[in-house]
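Below is one structure; the comments refer to it alone.
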Amino acid sequence: MINVTLPDGAIRQYESGVSALDIAKSISEGLARKVLAASVNGQVWDATRAITTDVTLKLLTWDDNDGKSTFWHSSAHLMAEAIEAKYPGAKFWVGPAIDKGFYYDIDLGDRKISEEDLAELEKLMNGLAKKSNPYVRKEIAKAEALAYFTEKGDEYKLDLLSNLEDGAITFYTQGDFTDLCRGPHIPNTGFIKAIKLTSIAGAYWKGDEKNKMLTRVYGVTFPNQKELDEYLLMLEEAKKRDHRKLGKELGIYTMDDDVGQGLPLWMPNGTVIIEELEKLAKETEEAAGYQRVVTPHIAKESMYLTSGHLPYYADSMFPPMEMDGEKYYLKAMNCPHHHKIFAAEPKSYRDLPYRIAEYGTCYRYEQSGELFGLMRVRCLHMNDAHIYCSKEQFFQEFKAVNDLYLKYFKIFGIDKYVMRLSLHEPSKLGQKYVNEPELWKETEEMVRKVLIETNTPFVEVADEAAFYGPKIDVQIWSAIGREFTLATNQVDFNSGRKFKLAYTTQQNDTDTPLIIHRAPLGTHERFIGFLLEHYAGKFPVWLSPQQVKVLPISDKYLEYAQQVHQTLRSNGIRASVDDRNEKIGKKIREAELSRVPYMLVVGEKEMTEGKLAVRRQGKGDIGVLPVDEFVGLVRQEIGNRKDSDG
RNA sequence: GCCGUUGUAGCUCAGUGGUAGAGCACUUCCUUGGUAAGGAAGAGGUCGUGAGUUCAAUUCUCAUCAACGGCUCCA
């Protein structure tokens, strides 16, 4: 007999060789029908695998993340079975579960899968699923596994096998499909009730662009149709929040073939938002001791050789233009220009920290395939600043920047994000990273200390630092699930020396300042793209391009409407009058759709009483107010940068 | 940059080897209407661009540009 400890602490005794599924059955049949896998001593196992020692056991269902990913991984095998049936001789690379669903990378030879084929594959999969074929695990000797895939001529699985130890190799078979796989899997295919193959894409073998491109098929499955329907509905809803759609509908920005890829044109409504954000940044930075600077858009090659950008990042810069025998580059970042400002006048320790900020446009030659609405562009306004400080001041300064992020996030109600401490990869010193192992260690430790001492939750990621030092990136997600870095806070121990930046210490020595690169609002482009999705186009009043719309019931009240409009404008409120010859219902509908926060309906009653019938976007009629009172209310809401109507 | 899909009116989309259609938006007129679409008429496109096949191309083929879904990349 063995002892099985369950999550509630209860210890039950079973015969050795019992499976998690048997245990579930002993608890309840209903539970047994839901069990997808089991966590055995913290490891995810097949629910059907024999347990022969004392263990701690947790039964995993659809409600557990590990249960879901097992389900999706098994779904990938089911899809592979269907693909092998339809495309005999297809070779399979890997088919993992992902965040939402699964994919499988396949070499189809000369054949192609088209969108129409997906429906047919879904049908095949549904048929195979109904058979409720068990996923059978088999431990297999390496020699035998090698023989199996050599026979099959599958170089991909042979490649996987070459990295595996004998004794740690398992095959899984369901129906006619056998795959090299460490598992685990769900008990049988019958659990998979709803299937949607979502897309086809190319994917480099092993993620290396020098390798052959395989066909990747993405899909998602569910234990019932209802959840699939809900998922599809959610995708539809997400699409409505897509900043590219909203940006067009709300007149925020546009793109034009004649201007070029990744070069957004900011329309009047978008420009209002830019200016409000800059106002916020200026106020905040002024209060935090920053000074503003302005620098040119181009600079000579020599400066980028000094900065090290050319050897490390030439690929991301627009090619140079030649003038009088000199090469000039469009700036991809502001830092070198700012370093020159630091260097322009001698500095002493009394001048530090020296903080300079600029909202300048930068130009980056992003790969064409990577451009994405406002989120990834080739012309960007960075909310950039550089702080030059001593090592002693670093902690305080870096922390102040961190606090600045949090202050902004609060203003915008941003709560879903991840802070990533991005570290260097020692094996790439001298290639991707400046070759200063000691300084890397030291500065990484300094940054980590700030995060730990301020109790900021963060994750560490290797091999994602800037070439000149470690950084903190703030990660966010777009409405359709793509991941982006919103804000960034970087340490630079390299540029100070490269540019021979120096200050006189209190002891009358010379020292090199540490530099902090920071962009808490990231870029206008990405930040506004993010805000569009975050607010679903319903900006808080202070950011709204159009804050108030006056809607006269008919022409008879047009004059009064215009008076109100004047009053609003003279109070600094962005307002307009809908003076079209339309019914009030239509004016309201269109104002609602354009996301104007306040609508003022004015007719006979309002005109005689000098009042306004106020309507709030998304909320409807909120009552009648005297003009002055309404103006006061809106001015206050704008002044406070109130996040929403709350 | 790579793989795949798409490209028709300002927007959303239908359609065809014989030089194009809907709804919304737009313009004009009627209507002066109290909280999410009042009515009528009109105007608007050489079907992304270039070449080829054909008596004839928006439709078929190729190239090219762009967008989209991924991969790679991302200071």
Side-chain angles (χ1 to χ4, degrees), chain A residues 103 105 112-116 198-218 239 242 244-245 248-249 251 254-262 304 307-309 312-313 315-317 331-336 362 364-373 375-376 380 382 384 422 432 464-469 471 473 480-485 488 490 492 495 517 519 523 551-558 580-594 599-606 613-622 624:
Chain A
Y103 66 79
D105 281 350
K112 274 179 188 159
I113 296 184
S114 71
E115 303 275 345
E116 295 89 75
T198 46
S199 67
I200 312 160
Y204 299 114
W205 183 43
K206 295 188 179 181
D208 187 333
E209 59 186 324
K210 288 184 211 76
N211 285 341
K212 182 169 179 176
M213 186 159 267
L214 305 175
T215 303
R216 175 173 295 180
V217 182
Y218 285 89
K239 268 191 200 160
D242 190 318
R244 293 166 298 185
K245 185 172 159 64
K248 176 170 272 185
E249 283 172 6
T254 186
M255 301 271 198
D256 189 287
D257 279 4
D258 271 342
V259 177
Q261 278 186 290
Y304 292 113
S307 69
H309 282 107
Y312 287 99
Y313 283 105
D315 285 352
S316 303
M317 295 175 75
K331 68 175 170 187
M333 67 299 295
N334 299 305
C335 5
C362 296
R364 297 182 182 183
Y365 190 76
E366 301 286 354
Q367 291 185 19
S368 62
E370 256 313 324
L371 300 171
F372 180 75
M375 299 299 217
R376 192 83 178 263
L380 41 124
M382 293 189 69
D384 211 2
S422 303
K432 194 173 167 186
E464 292 204 2
F467 76 88
Y468 45 65
K471 61 178 179 173
D473 281 338
I480 55 168
R482 262 167 73 158
E483 185 188 72
F484 291 93
T485 298
T488 181
Q490 313 178 346
D492 181 352
S495 305
H517 302 242
T523 66
L551 311 176
I553 299 272
S554 82
D555 304 0
K556 290 188 209 152
Y557 318 106
L558 197 52
R580 295 173 310 164
N581 177 10
E582 291 293 351
K583 293 178 94 162
I584 192 66
K586 183 160 189 173
K587 291 181 183 179
I588 286 172
R589 177 180 159 80
E590 289 182 10
E592 285 279 347
L593 290 176
S594 70
M599 286 149 271
L600 304 175
V601 177
V602 295
E604 185 67 32
K605 203 162 145 255
E606 289 74 19
V614 184
R615 189 185 163 96
R616 180 76 216 225
Q617 203 276 345
K619 298 209 163 152
D621 198 341
I622 58 169
V624 177

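Just so it is clear: chains get the letters A, B, ... in the order the sequence lines come, proteins before strands, and each one is counted from 1.
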When the [atom1] atoms of [N] and [M] are considered, how many whole Å apart are they?
{"N": "B:U35", "M": "B:U28", "atom1": "P", "value": "27 Å"}
{"N": "B:U19", "M": "B:A56", "atom1": "C1'", "value": "10 Å"}
{"N": "B:C13", "M": "B:U32", "atom1": "P", "value": "38 Å"}

### Task
Grab the two heavy atoms, one from A:Gly373 and one from A:Met255, that are nearest each other, plus how far apart they are.
O-CE, 3.4 Å

### Nearest heavy-atom neighbours spanning A:Ala201 and A:Tyr218
CB-CE1, 4.3 Å

### Message
Has A:Lys587 got a side-chain atom pairing as donor or acceptor with A:Arg580's backbone, closer than 3.5 angstrom?
### Response
yes

### Query
Can you tell me if A:Glu592 uses its side chain to pair, donor with acceptor, with the backbone of A:Gly618 under 3.5 Å?
yes

### Message
Under 4.0 Å between a side-chain nitrogen and a carboxylate oxygen: does that hold for A:Glu604 and A:Lys556?
### Response
no

### salt_bridge(A:Asp208, A:Lys206) N-O dist < 4.0 Å
no

## Note on the structure
Exactly one candidate in A:Ile622, A:Leu600, A:Ile588 meets side-chain contact (heavy atoms from CB on, under 4.5 Å) with A:Arg615; the answer is A:Ile588

[X] has a side chain; which of [options] sits nearest to it?
{"X": "A:Lys583", "options": "B:C71, B:G34, B:G33", "result": "B:G33"}
{"X": "A:Glu606", "options": "B:G34, B:U35, B:C71", "result": "B:G34"}
{"X": "A:Glu590", "options": "B:A25, B:U32, B:G69", "result": "B:A25"}
{"X": "A:Arg216", "options": "B:G70, B:G34, B:A36", "result": "B:G70"}
{"X": "A:Lys586", "options": "B:U32, B:A37, B:A36", "result": "B:A37"}
{"X": "A:Arg580", "options": "B:C71, B:C26, B:U32", "result": "B:C26"}

### hbond_proxy A:Arg364 side chain to B:C73 base (donor-acceptor, 3.5 Å cutoff)
no

NA contact type, [X], heavy-atom cut-off 4.0 Å: base, sugar-phosphate, or nothing?
{"X": "A:Ile588", "result": "base"}
{"X": "A:Ala591", "result": "nothing"}
{"X": "A:Tyr218", "result": "sugar-phosphate"}

### Message
It should be established whether A:Arg244 places a side-chain nitrogen or oxygen under 4.0 Å from OP1 or OP2 of nucleotide B:A67.
### Response
no

### Query
What do the steps show when you test A:Met382 against A:His517 for side chain to side chain contact (heavy atoms under 4.5 Å, CB included), and what is the final call?
CA-CA 11 Å; A:Met382 293 189 69; A:His517 302 242; over 6 Å; no

## Note on the structure
Between A:Glu582 and A:Glu366, the residue closer to the 5' end of RNA chain B by nearest nucleotide is A:Glu582

### Message
My validator wants the stems of RNA chain B: runs of 3 or more consecutive Watson-Crick or G-U pairs, both distances under 3.5 Å, written as range with range.
### Response
B:1-7 with B:65-71, B:10-13 with B:21-24, B:26-30 with B:38-42, B:48-52 with B:60-64

#### Entry: A:Arg244 side chain reached by A:Met375 side chain, heavy atoms, under 4.5 Å
no

### Query
Quick one: side-chain contact (heavy atoms from CB on, under 4.5 Å) partners of A:Lys239, sequence neighbours excluded?
A:Glu236

### Message
What does the B/S/- profile of nucleotides 1-11 of chain B look like, 5' to 3', with a 4.0 Å heavy-atom cutoff to protein?
### Response
BBBS-------

